[in-house]
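Remember, it's 1-based here, ligands and their atoms both numbered in the order they're listed.
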Amino acid sequence: MTTRRAFLAEAAGAVAGLAFVGCDLLKARPAAAQAARRMVSVAGRRVKTIDVHAHAAVPEAMALMSPPASPPGLLPKLLMGAPQERLALMDAQGIDVQALSINPYWYKADREVATRICEIQNEKLAQICAANPERFVAFATVALQHPDLAAAQLEEGVKKYNLRGAAIGGSVNGEEISDPKFQPFWAKAEQLGVLVFIHPQGTAELNATTRFKGNGGLDNVIGNPLETTLALSHLIFEGTLDRFPAIKICAAHGGGFLPSYAGRSDAGCVVVPARCGVPLKKRPSEYLRQLYYDSIVFTPEALRHLAAETGPGQIVMGTDYPYPWTSTSVNHILDTPGFSDAERTAMLGDTAAKLLRI
Ligand SMILES: [Zn+2]
């Protein structure tokens, strides 16, 4: 178990380490860094590429949890104290802008602690974006377990800190984000017209059983997309998307499994109408066309299918930095056959630029 002191020491060491690397890079930077930056073009037109799925961490906020939030294995790469290493990777991959998000670990915190954690994080995110306005924007962190507080934090994040939306989990302490208690947050997001990025937190309920045990890392490879599938399905079937038709949502990992098998969601209410209590304004699968999805679906065929189900204008590029799922997100979009130049440009950055006001 990591003690608070050990964690802080480790975090401080990591910051110091990064700062050291940063200084070295800075000295060597001008010629090498310029040469290494990949500029992406489509049909001769330079595209400002935007990564909507890029993780960050603020250790001084994590330390406020009791016990302190355990640092993920890749914590040094998540820190924003000296982003030279991150920028170098972005340069090599052809990513012009990252939209930073912090995965929620504070949903069990009481109101006071959750207020402080999000405040520290949002301030820090604002600082890093202000210091590198060409390369970073960020999503606000919000205490969704206290929905009225989350709404206020989102508003403050957007208006005071120039953050571009909010990043939330796919559930909150076992409660669905479609639960009526979260409506103050959705109302605020709709009113502000900002993007809400939904990142799964896994399915803790299944992790407690044997279903995900064994090889393959099923709690991650199945559990994460499963949670996103559940979250989006609840937003559709509980009528949240009818109640807040203008909310802008971007789902991680291509929306999980939902766009792969949406026809069954339509058929369910036809075959078993008694189980569809809330009358919806549209067919369930039609709601997929008003949501956004990152491009982390691994194969050209999966990207083609996602675009066919949701519309190519609903897909935005994601990398999942620093988790090495994908190092070729730009190429994935450039090399998948069948898209027009305009569709590729939209996926690489134009759609995200509009959503994130870049
Ligand atoms: Zn991620």
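Side-chain contact of D266 with S285: a donor-acceptor pair under 3.5 Å is present, judged by distance alone. No side-chain donor from either of K124 and Q121 sits under 3.5 Å from a side-chain acceptor of the other.
Metal site remark for the Zn ion (ligand 1): H199 contributes an N, O or S atom at a distance under 2.8 Å.
Vertex the Zn ion (ligand 1), arms ending at NE2 of H55 and NE2 of H53: the angle is 100° after rounding to 10 degrees.
Figure legend: K282 and Y287 shown as a cation-pi pair, the cationic atom lying under 6.0 angstrom from the six-membered ring centre and within 45 degrees of its axis.
No other N/O/S atom of D320 lies as close to the Zn ion (ligand 1) as OD1 does.
Under a hydrophobic clustering in which Ile, Leu, Val, Met, Phe, Trp and Tyr are joined whenever their side-chain heavy atoms come within less than 4.5 Å, directly or via other members, I168 and I249 fall into the same cluster.
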